[in-house]
Number of protein chains: 2
Amino acid sequence: MRFETSTIKDIAKALGLSTSTVSRALRDRYEISEETKKLVLAYAEKVNYRANPIARSLKERRSYSIGIIVSEIANNFFSQVINGIESIAYDKDYHVIISQSHESYKQEKLNVEHLASRSIDGLLIALSSETQDIDYLRSLYAKGLPIVFFDRVPKDFETHKVIANNFKGSFDATEHLILSGKRTIAHLTNSENLSITKERLEGYKAALVKYHIEFRPELVKYCQHGGMHSAELEQAVKELLPLQPDGIFISSDRLTTGCIMALKKTNPEVAHKIAIAGFTNSNLVELFSPSLTSVKQPAFEMGQVATELLISMIEAKRPVTEFETKVLDTELVKKR
Amino acid sequence: MRFETSTIKDIAKALGLSTSTVSRALRDRYEISEETKKLVLAYAEKVNYRANPIARSLKERRSYSIGIIVSEIANNFFSQVINGIESIAYDKDYHVIISQSHESYKQEKLNVEHLASRSIDGLLIALSSETQDIDYLRSLYAKGLPIVFFDRVPKDFETHKVIANNFKGSFDATEHLILSGKRTIAHLTNSENLSITKERLEGYKAALVKYHIEFRPELVKYCQHGGMHSAELEQAVKELLPLQPDGIFISSDRLTTGCIMALKKTNPEVAHKIAIAGFTNSNLVELFSPSLTSVKQPAFEMGQVATELLISMIEAKRPVTEFETKVLDTELVKKR
DNA sequence: AAAAACTGTGCAAACGTTCCCAAAAACGTA
DNA sequence: TACGTTTTTGGGAACGTTTGCACAGTTTTT
């Protein structure tokens with residue numbers, strides 16, 4: 001069961017030229033006469049010649065493909081990021097290979113190493129909520145694999161990063177809850193490891209400070225698995241409710257939907273009494289009941305920016321030493 | 001910016017062996033003595049040798065990767081299918097490359113041809129709602145590319161297919177609406193091109209027949225773009241409402257959520273009066289308001305089965321001539 | 001004791017490209 | 001006419017594997 005296509009050799013033989021001439025003609029090199037180019041191009045067209053990317057990759061020692069690691073594609077935020085990535089990558093003739101960590105460190109590492117061995121030219125990654133040790137990434141990076149982080153970024157890793165303005169997003173959401181009269185605002189958030197967790201917590205705190213509301217640590221609940229396990233979420237909700245919050249600010253897509261689900265399941269009667277604001281890029285929020293205020297991240301754009309940075313690293317002639325961290329603004333969509 | 005790794009040559013040189021011996025030792029061939037194998041394996045481990053999959057692909061003329069085409073990954077059904085695909089593929093050491101058609105024929109064709117030129121070993125595809133002409137697939141298939149269709153399958157294409165029991169799923173959903181007292185049941189569905197559209201329409205009709213309800217063609221609305229354009233959906237809803245349906249059965253994930261959205265937007269007052277049943281694999285249905293009865297497809301399993309079939313085709317020594325169409329049961333989740 | 005069979009290894013070609021280097025062809029110029 | 005330049009082409013190695021074949025050394029068979 002094989003797949004026969006014409007090669008440069010075939011064209012060369014048919015036209016009585018050498019493979020080198022054909023190769024150059026196809027790549028439109030200046031050394032080849034217009035006449036020959038036309039000839040070759042026409043024939044290539046006729047036999048529907050497609051360059052073999054595998055052979056090209058082997059020769060050029062690059063694969064024209066970039067790897068992506070996200071926790072889950074079944075997550076609106078990430079699927080939007082991926083769309084952004086693809087929009088740029090395909091334009092620049094790169095292929096993307098998507099892998100899911102499912103919020104597991106082990107899986108993440110495995111996938112990254114798998115991708116690296118498939119000779120990707122660069123990596124775009126949002127860390128899993130479990131990830132603490134990124135030495136394996138450092139070592140790949142040191143060996144020359146360009147890496148750009150997005151959304152969930154590590155500290156102390158000198159490379160390009162693209163993140164949302166998490167502080168401001170959280171601040172705005174929390175402020176919104178306060179301005180609508182809430183005073184006991186809980187905060188349900190991701191694993192403490194994550195950069196986004198810290199930044200969003202800071203935004204939440206800052207809003208409290210601005211309105212002279214005391215910060216109560218017991219109102220903050222961390223979910224190690226980022227809401228992948230419903231038991232974890234239900235437990236958090238169960239611990240939160242006795243404190244009688246009148247508002248709750250939630251710091252990630254999966255947690256937001258999961259939390260509402262847990263609320264409805266365990267305490268349907270209070271679910272509608274608590275004001276909810278949360279990070280989510282779901283395009284279905286309008287259907288949710290109870291309805292909520294959402295913080296939308298510029299996911300598509302984030303993917304685009306990250307990809308542009310990555311490709312610039314890949315195609316840089318000399319090692320890149322100046323790195324930037326792009327911060328993109330979030331959007332607050334108030335509960336209708 | 002390059003990535004240096006050790007090769008078989010390096011190992012051979014270091015150990016004073018030939019590359020062929022090393023290659024054979026690594027692949028655990030019988031001809032090589034235990035002693036040499038141990039030596040090679042140990043050294044390979046030590047230098048962290050990773051076979052270059054590109055070189056391997058070139059030599060073996062296969063890439064150990066399979067292509068997937070879905071309309072959108074930001075769709076619970078498809079992302080679950082993809083998870084099923086990955087679960088099998090990774091087990092059998094295949095890589096997957098995901099592409100999105102966004103329900104566009106042009107995009108679908110482009111992506112497939114791109115994948116084919118990247119020498120995928122096989123293709124898993126759910127057709128876009130626009131697709132009518134599948135000659136480009138026939139031609140690739142004829143050239144030897146194994147293809148397995150899932151969910152949206154063509155007629156007259158002799159290969160493996162995996163689908164849900166669309167007839168029964170629709171029948172059950174429609175019957176459920178009837179049994180809860182509805183008599184004027186509209187049907188909002190996808191492009192007429194799609195296999196699922198026809199099958200689901202049949203199930204809907206059969207339920208009507210069983211309960212002696214007249215089939216009224218004007219109650220059926222087709223959406224060419226599968227709900228990708230909200231205008232299309234709103235138009236359909238607008239045309240449907242004057243007929244005063246008391247129930248509506250919707251035939252796809254995207255349409256289901258889109259329809260509820262359109263209903264709420266254009267006629268919020270009636271949105272809650274119409275009973276809704278629809279195909280959807282969203283794990284957020286419990287949050288929706290109005291709530292609905294959903295038909296869930298065995299998405300994960302569908303991905304698994306399709307992948308097993310595809311890999312069996314890829315690895316078949318002789319051309320496969322016996323094809324099967326696997327039909328998997330759906331699950332009706334009644335509105336709570 | 002010679003022939004046959006088996007074991008373990010190496011040589012070299014091949015997969016389809018790209019690209020360095022050299023050679024040939026075309027053209028000017030003295 | 002001869003020679004230098006420029007333009008166009010070809011030869012062949014290389015990228016990292018896999019594998020058919022040959023060969024040397026050992027063991028078994030006749």
Side-chain angles (χ1 to χ4, degrees), chain A residues 1-41 43-44 47-65 93 116-121 144, chain B residues 1-41 43-44 47-65 93 116-121 144:
Chain A
M1 186 130 292
R2 194 122 299 162
F3 209 63
E4 93 285 326
T5 44
S6 47
T7 71
I8 279 195
K9 258 186 208 158
D10 300 334
I11 299 184
K13 200 173 299 171
L15 261 38
L17 293 169
S18 73
T19 58
S20 23
T21 303
V22 174
S23 169
R24 277 186 274 245
L26 290 169
R27 324 204 86 226
D28 199 28
R29 296 309 192 88
Y30 70 99
E31 311 116 297
I32 303 298
S33 69
E34 281 309 314
E35 217 176 345
T36 314
K37 271 185 197 167
K38 283 231 177 60
L39 189 68
V40 171
L41 255 24
Y43 187 80
V47 300
N48 192 27
Y49 169 78
R50 291 281 109 101
N52 180 329
I54 305 264
R56 201 147 114 79
S57 290
L58 180 61
K59 182 70 227 222
E60 300 195 344
R61 319 176 85 204
R62 47 181 305 201
S63 60
Y64 296 94
S65 63
D93 263 333
S117 87
R118 297 296 281 191
S119 23
I120 49 168
D121 295 342
Chain B
M1 187 131 288
R2 195 122 296 163
F3 210 62
E4 93 284 327
T5 45
S6 46
T7 71
I8 279 196
K9 258 187 209 159
D10 299 335
I11 300 184
K13 200 173 299 172
L15 261 37
L17 293 168
S18 73
T19 58
S20 29
T21 304
V22 175
S23 169
R24 278 186 271 246
L26 288 170
R27 323 204 86 224
D28 201 25
R29 294 311 190 88
Y30 70 99
E31 313 115 299
I32 304 295
S33 70
E34 280 309 313
E35 215 176 346
T36 314
K37 271 184 196 168
K38 282 232 178 60
L39 188 69
V40 170
L41 255 24
Y43 188 80
V47 299
N48 191 28
Y49 169 77
R50 291 279 110 101
N52 180 329
I54 305 265
R56 200 149 115 80
S57 291
L58 181 60
K59 182 71 227 221
E60 301 193 345
R61 318 177 85 204
R62 47 182 303 202
S63 59
Y64 295 95
S65 63
D93 262 333
S117 86
R118 296 297 281 192
S119 22
I120 49 168
D121 295 342

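Keep in mind that this is a model prediction, so the values were computed, not measured. The sequence lines fix the lettering, A, B, ..., with proteins before strands; numbering per chain opens at 1. Reckoned from all heavy atoms, side chains included, excluding hydrogens, waters and symmetry mates.
- As rounded to whole Å, 11 Å separates atom P of C:dT17 from atom CZ of B:Arg61.
- How far OG of B:Ser57 is from CG of B:Asp121: 7.5 Å, rounded to the nearest 0.5 Å.
- Looking at heavy atoms from C-beta onward, A:Tyr43 lies out of side-chain contact with A:Val22 at the 4.5 angstrom threshold.
- B:Arg118 contributes atom CZ, which lies 10.0 Å from atom CG of A:Asn52 (distance to the nearest 0.5 angstrom).
- Interatomic distance, A:Asp93 CG to A:Ser65 OG, rounded to the nearest 0.5 Å: 12.0 Å.
- Counting all heavy atoms, side chain and backbone alike, A:Ala12 lies closest to A:Ser18 at CB-C, 3.8 Å.
- Remark on DNA chain D: of its neighbouring residues B:Arg29 and B:Leu58, the 5'-side contact belongs to B:Leu58, judged by nearest-heavy-atom nucleotide.
- Counting heavy atoms from C-beta on, the side chains of B:Val40 and B:Leu15 come closer than 4.5 Å.
- Rounding to the nearest 0.5 Å places NZ of A:Lys59 at 12.5 Å from CG of B:Leu58.
- Five base pairs at each end of the helix from C:dA1-D:dT30 to C:dA30-D:dT1 define two local axes, and these are offset by 70° (rounded to 10°).
- For A:Lys9 and A:Lys59, each mapped to the nucleotide of DNA chain C holding its nearest heavy atom, the one lying further toward the 5' end belongs to A:Lys9.
- How far CD1 of B:Ile32 is from OG1 of B:Thr21: 5.0 Å, rounded to the nearest 0.5 Å.
- Not a single donor-acceptor pair under 3.5 Å links the side chain of B:Lys37 to the backbone N or O of B:Arg24.
- Sequence order on DNA chain D of the closest nucleotides to B:Ile54 and B:Thr21 puts B:Ile54 first from the 5' end.
- Put simply, CZ on A:Arg62 is 17 Å from P on C:dT17, counting in whole angstrom units.
- Between the A:Ser63 side chain and the A:Ser119 main chain, a donor and an acceptor come within less than 3.5 Å of each other.
- With hydrogens and angles ignored, a donor-acceptor pair closer than 3.5 Å exists between the side chain of B:Ser20 and the base of C:dC11.
- Taking a heavy-atom distance under 4.0 Å as the criterion, the stretch of DNA chain D touched by chain B extends 5' to 3' from D:dC15 to D:dG20.
- Near-neighbour residues of DNA chain C inside residues 30-37 of chain B, defined by a heavy atom below 4.0 Å, number-ordered: B:Glu31, B:Ile32, B:Ser33, B:Thr36.
- Between A:Arg24 and A:Arg50, the residue anchored closer to the 5' end of DNA chain C is A:Arg50, taking for each the nucleotide with the nearest heavy atom.
- Nucleic acid contact for A:Thr7: sugar-phosphate only, since backbone atoms but no base atoms lie under 4.0 Å from a heavy atom of the residue.
- Between B:Ser23 atom OG and B:Leu17 atom CG the span is 12.0 Å, to the nearest 0.5 Å.
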